[in-house]
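Beneath this line is the structure, given in structure tokens, with notes to follow.
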Number of protein chains: 2
Amino acid sequence: MSKEKLWQRSKQRIRFQNEDMDFYFAWILSHQSEGGSAFGECFYAASQVKDGDPESWHAAWTAIAHRVESRATGALEKGHRVSAREAYLRAFTYYQSAAIFIRPRDKRLRDAWQKGQWCFRQAAAQFTPPIEPIQIPFEGKSLPGYFLHGNEGNEKTPTIIMIGGGETCAEELFFWVGPAGVRRGYHVLLVDLPGQGSTPFDGLFFRADSEVPIKAVVDYALTRPEIDPQRLAIFGISGGGYMVSRAVTFEKRIKACIASAPITDFYRLATAEIPPVLQTAPAFLGDTLVKLAGLRSPLPVIAAEKLCWQAGVSKISDALEMARQARVERIDEIACPVLCLVGEGESEEQMMQARAFYNALKSPKGLHIFTAADGADAHCQINNLSLMQQVVFDWLDEVFGYEGAG
Amino acid sequence: MSKEKLWQRSKQRIRFQNEDMDFYFAWILSHQSEGGSAFGECFYAASQVKDGDPESWHAAWTAIAHRVESRATGALEKGHRVSAREAYLRAFTYYQSAAIFIRPRDKRLRDAWQKGQWCFRQAAAQFTPPIEPIQIPFEGKSLPGYFLHGNEGNEKTPTIIMIGGGETCAEELFFWVGPAGVRRGYHVLLVDLPGQGSTPFDGLFFRADSEVPIKAVVDYALTRPEIDPQRLAIFGISGGGYMVSRAVTFEKRIKACIASAPITDFYRLATAEIPPVLQTAPAFLGDTLVKLAGLRSPLPVIAAEKLCWQAGVSKISDALEMARQARVERIDEIACPVLCLVGEGESEEQMMQARAFYNALKSPKGLHIFTAADGADAHCQINNLSLMQQVVFDWLDEVFGYEGAG
């Protein structure tokens with residue numbers, strides 16, 4: 001964590017010298033392909049940011065979010081439903097972006113989060129049919145998400161459940177597979193597992209046993225009459241690559257799984273770039289390292305605080321202890337077809353785990369390595385969601401023998 | 001023409017130091033909002049370009065075009081219609097981009113053009129309903145274009161005709177208003193006027209009397225049973241801003257007009273940045289200036305050659321003579337509502353002409369100046385097509401008393 005960037009997530013540079021900031025900027029640009037950002041708005045906001053500075057980042061994205069939200073509201077008041085929903089989708093992205101470098105105890109985090117979610121829900125209500133907010137019962141609380149109908153008649157077509165990672169929320173998964181799934185006739189279920197999105201505000205935190213919340217999601221999915229239980233897929237990105245890879249070693253009702261990328265050992269992934277001598281050092285040293293990194297840039301410290309908040313712990317060493325439990329075992333017992341996605345711009349450790357997972361699979365399987373020349377080498381293929389969508393859905397079509405809509 | 005950039009078209013810098021190259025790069029990125037590019041592919045291609053060098057530009061975009069086209073073809077062969085059409089749309093953009101700095105007599109121009117058009121038509125055939133290629137009879141030849149149905153039942157809903165500029169083709173207008181119109185229930189007619197797109201290959205060249213080809217387009221539109229003659233709009237961007245502004249001084253069957261931006265005097269616009277003493281100099285001096293500019297950068301010379309080719313003349317001085325005829329008069333006789341769009345990143349002369357045109361209008365009118373803080377200040381709003389679409393269609397909805405789809 002002493003490097004200037006948090007993780008190796010992309011080798012493609014877009015706008016910022018600070019690699020983490022540049023990665024999040026690329027993430028924001030990725031939403032444009034489904035109307036969730038406009039690059040002119042993004043580059044304008046970027047022009048107001050001091051490279052590497054979290055405060056100016058928050059101010060710039062909040063300003064553009066307000067501006068776009070106000071256009072959305074104006075359009076809705078005059079009955080321009082399509083324009084309203086499209087502007088609300090962009091406003092959502094910009095509020096969510098404003099929150100990226102805000103500390104968990106700073107009230108601006110909840111503000112940005114709530115405003116972003118409100119904008120997304122305003123947009124959701126203006127689709128035909130509307131995007132349906134859902135609450136999946138889970139251990140006396142609930143997992144928030146959205147359901148998108150793949151066809152207006154509620155025909156039984158394939159369904160894709162999508163799970164994000166450590167820094168995503170169910171809303172933004174819309175840009176990954178929402179319209180892309182619906183265009184192909186898939187029902188789409190987007191959901192936050194414990195620790196993701198807004199769930200830490202409700203006292204739900206990261207847990208290693210992802211099969212437990214995913215069981216609740218599958219239970220819910222199978223209550224919906226339009227979902228075909230024989231064609232139920234799950235797709236996880238970033239930390240979700242771990243969650244889905246592990247879940248399918250337990251959950252046999254899932255009939256296809258895509259992980260971008262598969263993670264089999266979270267602790268190794270998180271610590272691979274720390275020199276071995278420090279990996280075995282006492283826990284307090286890890287906490288000290290985070291503080292030292294903070295002298296150089298505030299971003300790693302903020303990221304560490306957020307991670308702790310989402311994990312429900314107070315120190316990064318405790319979060320790392322939790323990560324030791326986050327392992328995928330019995331890979332050879334996975335029964336469903338699995339597609340493994342990884343970008344050549346990701347870390348060596350990530351590439352190694354993805355390959356090892358793929359090699360250990362005994363079920364029908366695929367491995368797709370996205371390259372720099374594809375313009376898709378970044379973590380979660382954020383620089384080319386269009387190509388990711390093609391690879392994911394074409395594979396699913398074939399697994400399910402589905403001819404698709406269009 | 002002695003400056004390093006051709007025109008003042010944007011103040012927002014994205015990737016290249018060469019301002020023209022940067023403008024075209026932004027243009028390519030703009031397509032992403034309707035699936036016509038992926039920024040990872042664009043930034044990868046850009047990484048292969050030597051700043052300001054037309055040859056490496058051609059090679060880089062051709063390479064990514066081939067790559068994406070081959071994925072499209074693979075998807076189509078396996079019946080993945082949505083993935084195929086989406087990849088073909090991106091391949092179209094990249095082939096078209098490859099052609100930007102190719103001289104008219106270089107056979108690579110026609111190659112890139114034909115491949116791009118072929119990709120677009122492959123995509124068009126995979127939409128439901130298909131995007132319909134059309135040929136509008138004109139003086140013994142024809143104007144090529146496309147018709148998009150705003151609803152599957154061919155209900156009479158409003159129609160928008162879109163006209164591009166000096167460097168566009170009917171295919172790419174799809175990304176401006178195609179899906180955006182259809183989402184709102186508008187029928188969309190995209191067409192090349194003489195001199196635009198592929199028409200110079202067929203012996204059709206720029207002409208000042210835009211009302212003549214536009215009359216042919218309106219004649220054609222009114223033969224289509226799904227078009228409501230009372231709700232027929234026309235929208236022109238770039239040079240099309242001139243063509244539509246002039247046409248509505250003649251053509252009363254057009255019921256609403258949008259120009260981004262209105263141009264009333266093409267010669268003044270083209271020469272405004274040339275020092276006055278040179279403006280009145282003999283024609284050969286203009287031709288010499290172009291040659292001198294070529295010593296510094298090849299791009300202005302290539303642009304001048306292309307302009308001549310599209311105008312059907314051999315020297316830039318002849319093209320400028322034609323431009324003297326390109327004037328809009330009798331603005332006060334325009335009967336239909338008119339919306340004037342202009343970006344604050346455009347030239348002073350453009351801003352002045354847009355304002356003068358707006359002031360002279362006696363019909364119902366609107367003026368929208370897009371700002372840097374909107375992320376939409378560039379020529380034709382290329383940095384924010386989403387906002388342009390909102391402004392255009394919300395205004396049209398109100399002019400036509402149309403409640404829209406959604």
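Quick note on labels: first sequence line is chain A, next is B, and so on, each numbered from 1.
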What parts of residues 377-388 of chain B touch chain A if we use heavy atoms and a cut-off under 4.5 Å? B:Ile382, B:Asn383, B:Asn384, B:Ser386, B:Leu387

Is chain A contacted by the side chain of B:Glu86, its backbone, both, or neither, given a heavy-atom distance below 4.5 Å? side chain

Output all residues satisfying salt bridge (Lys or Arg N to Asp or Glu O under 4.0 Å) with B:Glu346, sequence neighbours left out; order by chain, then residue number. none

Relative to chain B, which of A:Lys78, A:Gln389, A:His31, A:Arg90 shows the most heavy atom pairs under 4.5 Å? A:Arg90

Is chain B contacted by the side chain of A:Arg13, its backbone, both, or neither, given a heavy-atom distance below 4.5 Å? backbone

Quick check against the 3.5 Å criterion: does B:Gln32 have a side-chain atom that pairs as donor or acceptor with the backbone of A:Leu29? yes

Please report the closest heavy-atom contact between A:Gly40 and B:Gln12, naming both atoms and the distance. O-NE2, 2.9 Å

Quick one: of B:Ala376, B:Ala84, B:Ala180, B:Ala38, who has the most non-hydrogen atom pairs under 4.5 Å with chain A? B:Ala38

Please classify the contact between B:Ala26 and chain A as side chain, backbone, both or neither, with a heavy-atom cut-off of under 4.5 Å. both

Heavy-atom side-chain proximity of B:Phe43 to A:Ile14 below 4.5 angstrom: yes

Find the distance between CG (A:Asp394) and CZ (B:Arg71) and round it off to the nearest 0.5 Å. 10.5 Å

Closest non-hydrogen atoms of B:Ala75 and A:Gln390, given as atom of the first, atom of the second and distance, are CB-NE2, 3.6 Å

Counting heavy-atom pairs under 4.5 angstrom with chain A, the leader among B:Gly35, B:Ala87, B:Ser47, B:Ser30 is B:Ser30

A:Arg85 side chain reached by B:Arg183 side chain, heavy atoms, under 4.5 Å: yes

Any idea which heavy atoms bring B:Glu41 and A:Asp374 closest together, and the distance? CG-O, 3.4 Å

Ranking A:Phe39, A:Phe393, A:Tyr402 by heavy-atom pairs under 4.5 Å to chain B gives rank one to A:Phe39

Please give me the minimum heavy-atom distance between A:Arg184 and B:Ser83, naming the atom from each residue. NH2-OG, 2.8 Å

Mark yes when over 12 heavy atoms from residues, nucleotides or ligands other than A:Glu132 sit less than 6.0 Å from its CD; otherwise mark no. yes

Tell me every residue that passes side-chain hydrogen bond (donor to acceptor under 3.5 Å, both in side chains) with A:Ser347, counting only those two or more places apart in sequence or in another chain. none

Partners of B:Tyr88 by ring-ring contact (aromatic ring centres under 6.0 Å, His included), sequence neighbours excluded? B:Trp118

NE2-CG distance between B:His80 and A:Leu396, expressed to the nearest 0.5 angstrom: 10.0 Å

Step through the shown structure and confirm whether more than 12 heavy atoms of other residues, nucleotides or ligands are within 6.0 Å of CD on A:Gln48. yes

